[in-house]
Novice: 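First the structure, then my questions, so here it is.
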Amino acid sequence: MAYWLFKTEPDVFSIDDLEAKGAPEVWEGIRNYQARNLLRDEIAVGDQVFIYHSSCKHIGIAGIAEVTRTGFADPFQFNAASDYYDPKSDPDNPRWFAVDVCFVERFDALIPLNVLKGVSALSDMVLLNRSRLSIQPVSEQEWSIINNKLVVR
DNA sequence: GCCAACGTTGGC
DNA sequence: GCCAACGTTGGC
């Protein structure tokens, strides 16, 4: 099993929205090639995902989701009415991919970014070094430190 | 709202 | 294939 971190702007879609939905959600609209490659090739059913709230008042890891379906073409790229429409994407060879995730857990307290920054064992986290990547790998060790030591449940 | 980092585009 | 211009992300 692998571990990931997905960013979302909570004003648009938050861990609470995922919990309220109570069903798998399409994680769509990822328009970055590195993130696309992970969605298409690497992320597997059953993988665990930290849900990270960005560009908001309380920045940090808000909870956990689980991957329930993988590697399908992002439907929004073919929808001309969508903000995520990509007229250059060929339906026979889609440019963008998506996965489904379902809610697992909402932490009692969000783990703030500045707490993560203060843990030396997390200094190699992609989040703290390549912060603009919106779908990123988390090592087993990083997952375990965060999940076992930093989460307030 | 600012701005640094960095990804993408497009002319050459 | 280079690189300047431009656009976006995201913390502060």
Side-chain angles (χ1 to χ4, degrees), chain A residues 2-21 25-43 47-67 70-101 103-139 141-147 149-152:
Chain A
Y3 303 100
W4 310 95
L5 182 147
F6 290 5
K7 289 188 201 169
T8 183
E9 297 186 17
D11 295 343
V12 179
F13 188 81
S14 72
I15 189 79
D16 299 305
D17 295 325
L18 185 62
E19 180 173 22
K21 178 155 185 183
E25 173 77 13
V26 181
W27 205 268
E28 87 289 352
I30 304 301
R31 297 290 180 269
N32 166 283
Y33 286 103
Q34 268 187 284
R36 185 281 307 270
N37 292 345
L38 297 175
L39 290 168
R40 186 186 60 189
D41 305 330
E42 304 292 335
I43 297 176
D47 285 357
Q48 302 291 113
V49 179
F50 282 139
I51 301 298
Y52 177 87
H53 286 176
S54 70
S55 296
C56 58
K57 186 168 183 184
H58 300 293
I59 299 163
I61 300 173
I64 295 175
E66 180 172 326
V67 177
T70 62
F72 55 91
D74 182 336
F76 289 74
Q77 69 195 307
F78 305 125
N79 178 357
S82 168
D83 288 345
Y84 299 120
Y85 179 55
D86 184 348
K88 295 182 193 163
S89 185
D90 175 359
D92 293 329
N93 184 21
R95 180 177 292 191
W96 306 114
F97 285 74
V99 301
D100 280 0
V101 299
F103 175 82
V104 172
E105 177 181 8
R106 178 190 184 283
F107 301 152
D108 286 350
L110 172 141
I111 305 168
L113 175 60
N114 60 16
V115 167
L116 301 173
K117 284 180 176 173
V119 179
S120 61
L122 298 178
S123 61
D124 289 335
M125 269 193 89
V126 176
L127 181 71
L128 305 180
N129 295 284
R130 316 247 334 265
S131 70
R132 295 184 58 202
L133 194 58
S134 61
I135 300 282
Q136 54 181 254
V138 173
S139 76
Q141 185 193 20
E142 290 159 355
W143 181 277
S144 140
I145 290 168
I146 294 168
N147 196 41
K149 298 188 175 163
L150 300 182
V151 173
V152 176

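Throughout, a chain's letter reflects where its sequence line sits, starting with A, and its residues are numbered from 1. Predicted model, so just to flag it, every value in this text is computed and none were measured. The figures here come from the full heavy-atom set of this structure, side chains too, leaving out hydrogens, waters and symmetry mates.
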Novice: With a 4.0 Å cut-off on N to O distance, would you call Asp86(A) and Arg31(A) a salt bridge?
Specialist: no

Novice: On DNA chain B, nearest-nucleotide positions of Lys88(A) versus Asn129(A): which is more 5'?
Specialist: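 Upstream on the strand: Asn129(A).
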
Novice: Using the side chain to side chain donor-acceptor pair (under 3.5 Å) criterion, which residues pair with Asp17(A)? Sequence neighbours excluded.
Specialist: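 Partners of Asp17(A) under the side chain to side chain donor-acceptor pair (under 3.5 Å) test: Ser14(A).
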
Novice: According to the interplanar angle, ranging from 0 to 90°, do the rings of Trp27(A) and Phe13(A) count as parallel (below 30°), tilted (30 to 60°) or perpendicular (above 60°)?
Specialist: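 Plane angle over 60°, so perpendicular.
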
Novice: Mark yes when over 12 heavy atoms from residues, nucleotides or ligands other than Asn129(A) sit less than 6.0 Å from its CG; otherwise mark no.
Specialist: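 Buried by this count: over 12 neighbours within 6.0 Å.
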
Novice: With a 6.0 Å cut-off on ring centres, are Trp96(A) and Tyr33(A) close enough?
Specialist: yes

Novice: Going from OG on Ser134(A) to CG on Leu5(A), what distance comes out if it is rounded to the nearest 0.5 angstrom?
Specialist: 10.0 Å

Novice: Find the bend of the helix from dG1(B)-dC12(C) to dC12(B)-dG1(C) as the angle between its two terminal axes (five pairs each), to the nearest 10°.
Specialist: 10°

Novice: Looking at every strand, decide which applies to Lys117(A) at a 4.0 Å heavy-atom threshold: base, sugar-phosphate, or nothing.
Specialist: sugar-phosphate

Novice: With heavy-atom distances below 4.5 Å as the criterion, would you say the side chains of Pro137(A) and Trp4(A) are in contact?
Specialist: yes

Novice: Which nucleotide of DNA chain C is the first, and which the last, in the 5' to 3' direction, to come under 4.0 Å of a heavy atom belonging to chain A?
Specialist: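 Nucleotide range with atoms under 4.0 Å of chain A: dG7(C) to dC12(C).
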
Novice: Mind checking the CZ-CG spacing from Phe103(A) to Asp16(A)? Nearest 0.5 Å is all I need.
Specialist: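 Result: 8.0 Å between the selected atoms.
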
